[in-house]
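Structure record follows, encoded as C-alpha cells.
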Amino acid sequence: MQQAPSSSCATPGVTRRIVIAGGGYAGTTLAVNLGRKLKGVPDVEVMLIEPNPCQQALSELDLVAVGPARSEFCELWHPTVFKDLPVTVCYNRVDAVHPERHVVTVGPRGEATEEVAYWRLAIATGAIAFVPPVPGLKEHAVTMWSVADAQELQRRGEAQFRVAATLKDPAQRARALSFTVIGGGATGIEIVGTLAQLLPKRMRAFGLDPADLRVRLIEGRPDILFDLGPKLRERAKRRLAKLGVELFTGSMVSSVEADAVHLADGTVVDSSVLVFCGGAKADPDAVGWGLEADPGGRLLTSAVCKSPVHDDIYIVGDVAAFRDPETKKTIPMLAQFAIREAEHTAGNIIREVRGEAPTPFMPTMHGEFVSVGPSWGVGWMFGMNLSGLPAIIMKRLTYVLYWWQVGGIPLAVKRLREMLGMQR
Ligand SMILES: Cc1cc2nc3c(=O)[nH]c(=O)nc-3n(C[C@H](O)[C@H](O)[C@H](O)COP(=O)(O)OP(=O)(O)OC[C@H]3O[C@@H](n4cnc5c(N)ncnc54)[C@H](O)[C@@H]3O)c2cc1C
C-alpha cells in the first residue's frame with residue numbers, strides 16, 4: 001500500500017488517490033464524471049492538478065478574437081464546476097511524473113518539490129501551438145491556442161485600426177488593414193471567416209471604410225479543410241469568396257516580416273496582422289516524463305487508454321497517441337475525442353475501484369462542423385453533409401452540450417443565451 005504524501009495539494013491518509021494532470025476538455029470531463037460517480041465512496045480522492053482556474057474551451061475562440069464574445073464565453077470556471085463535487089482542485093502544474101515511485105512532482109518548472117502520490121494517474125495535459133522555424137514567423141504571428149491569444153489578436157487588430165485612421169494614402173491604408181491567416185485547416189478557416197465577417201463592423205466604429213480591408217488565407221496544401229469531403233470544401237470556399245477572403249493555396253511561406261508574408265514562389269502578401277494556425281504538438285513537457293511517445297511527441301497508449309508500460313497511468317486527450325483499432329491511425333487532436341476518451345476512462349477507473357478490469361476504448365466520429373464566419377458553417381453528421389445555418393447551429397449546439405455535460409443546465413442555458421444574443 002502506498003504512503004500518503006505530506007502535501008498542500010493532497011488530503012492526508014487517502015490510499016486510492018486518482019490524480020488528473022490537466023483540466024482541459026479531457027481532464028475536466030474525467031474529474032466531473034469521477035466526482036459524480038465516486039461521491040461517498042470511502043478512501044478514494046479525486047484530485048485535479050491544473051495551473052489555470054478555468055478550462056479554456058478553445059473551439060469558439062474566434063468569437064473572442066474578433067469581438068462579439070467576451071473571454072468568459074470560452075472559460076469554464078473550475079470553482080463553479082466543482083462547487084458541489086468531491087474533487088480536490090490543486091491550482092498548480094505537474095512538473096514531473098515518477099512512475100516507478102507512483103508520485104508526481106508539483107510546482108513551478110525546475111523548482112517543483114512537492115510530491116503527490118497516486119493510485120491512478122491520468123495525464124491530460126493537451127497540446128500547444130506548433131510554430132515551424134520559418135524566419136520571422138514566431139516574431140510576427142499570433143497563434144490561436146488560448147483566450148490570451150484571442151485577446152492579443154483583437155489588440156493587434158484594433159492597433160491597426162488606429163494606425164489606418166491616421167493614413168491619407170489609400171494604398172497605405174489598405175496595407176495597414178491587411179489581415180492574413182496561415183493554415184487552411186478548421187482553426188484557420190474559423191478565424192479567417194470570423195475576421196472577414198466581423199471586422200467591417202468593427203472598422204466602422206473607428207470611422208474606417210470596410211472597402212479598405214484585406215483578408216487573406218495562406219495554405220501550403222492544394223486545398224483547404226482537408227479533413228472534409230470535396231463538396232464541403234467547395235461550399236466553404238464559396239462562402240469565403242462571398243466574405244471577400246483571398247485564398248493562396250499550394251503556397252508555402254518562406255519568410256515573414258512585420259508587414260509582409262513572403263511565399264516560396266516569390267509572391268509577397270501584405271500583412272499587418274498575421275495569425276498562425278498551422279499546427280499543434282503534444283504537451284512538450286510530458287515527453288520528458290519517462291513514458292513512450294510516438295515520433296510526433298504524443299504519448300503511446302494501450303487499447304484501454306493506459307500507458308503500455310505502467311498499468312496505473314492513463315493518458316487521454318491531445319497528449320495521447322491513441323490508435324484507432326479499426327483504421328490503425330492515431331486519432332486526431334479533437335475535443336470530441338478528448339471528451340469521449342475521458343468519459344470512457346472515468347468508467348474504467350470506476351471499474352478498477354470496484355476491482356474489475358478496464359475495457360477497451362472504441363473511438364467513433366459522428367460528425368464534424370467548422371464555422372466559416374460566426375453565422376455560417378459547414379460539416380457533416382451521420383454521413384449527411386450540412387452547410388449554412390443548420391451546420392452552424394449544430395456546431396454551437398455541440399458547444400452548449402459540452403457545457404451541459406460538465407457544468408449542468410444553468411451554465412448551458414447561460415452560454416445558449418449569449419450565443420442567441422450574438423446573432424442579433
Ligand atoms: C482554436 C481552436 C479551435 C478548436 N476547435 C475545435 C472544434 O471545433 N472541435 C473539436 O473537436 N476540437 C477543436 N479544437 C481542438 C480541441 O480544442 C482539443 O482537441 C482539445 O482542447 C483537447 O483537449 P485536452 O483536454 O486534451 O487538452 P486541452 O483542452 O488543451 O487541456 C490541457 C490542459 O492541461 C493543462 N496543462 C498543461 N500542462 C500541464 C501540467 N504540466 N500540469 C497540469 N496541467 C497542465 C493546460 O493548462 C490545459 O488546461 C480546437 C483547438 C483550437 C486551438
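Read the numbers this way: they start at 1 and go in the same order the structure lists the ligands and their atoms. What you see is a predicted model, and the numbers here were worked out from it, not measured in a lab. The first residue of the sequence shown is numbered 1, and numbering continues consecutively from there.
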Candidates Leu30, Val94, Thr28; heavy atom nearest atom 41 (N) of ligand 1 found on Val94

Would you check if [X] and [Y] make a side-chain contact, meaning some heavy-atom pair closer than 4.5 Å?
| X | Y | result |
| --- | --- | --- |
| Leu232 | Val370 | no |
| Met419 | Phe73 | yes |
| Phe361 | Val316 | no |

Look at [atom] and say which protein heavy atom is nearest, naming residue and atom and giving the distance to 0.1 Å.
| atom | answer |
| --- | --- |
| atom 49 (O) of ligand 1 | Glu50 OE1, 2.6 Å |
| atom 27 (O) of ligand 1 | Gly126 CA, 3.3 Å |
| atom 1 (C) of ligand 1 | Thr187 CG2, 3.3 Å |
| atom 4 (C) of ligand 1 | Ser59 CA, 3.6 Å |

Give me the atom names and distance for the closest heavy-atom approach of Ser251 to Ile218.
O-CG2, 3.5 Å

Within 45° of the axis and under 6.0 Å from the centre of the six-membered ring of Phe226, does NZ or CZ of Arg221 qualify?
yes

With a 4.0 Å cut-off, would you call Glu343 and Arg340 a salt bridge?
no

Regarding Glu60 and Arg415, does a basic nitrogen lie under 4.0 Å from an acidic carboxylate oxygen?
no

Any nitrogen or oxygen of Asp285 lying under 3.5 Å from a nitrogen or oxygen in ligand 1? Just yes or no.
no

For Thr125 and Asp283, does a side-chain donor sit closer than 3.5 Å to a side-chain acceptor?
yes

What are the atoms of ligand 1, with element, lying closer than 4.0 Å to any heavy atom of [X]?
| X | result |
| --- | --- |
| Ala124 | 32 (C), 33 (C), 34 (O) |
| Leu334 | 10 (C), 11 (O), 12 (N), 19 (O) |
| Ile49 | 43 (C), 44 (N) |
| Asn52 | 47 (O) |
| Gly317 | 26 (O) |
| Met144 | 1 (C), 53 (C) |
| Ala338 | 22 (C), 23 (O) |
| Lys395 | 8 (O) |

d(Arg120 CZ, Arg16 CZ) to nearest 0.5 Å is 9.5 Å

Option passing side-chain contact (heavy atoms from CB on, under 4.5 Å) with Ile331 (candidates Glu341, Arg323, Gln336):
Glu341

Got a protein heavy atom sitting under 4.0 Å from atom 25 (O) of ligand 1?
yes

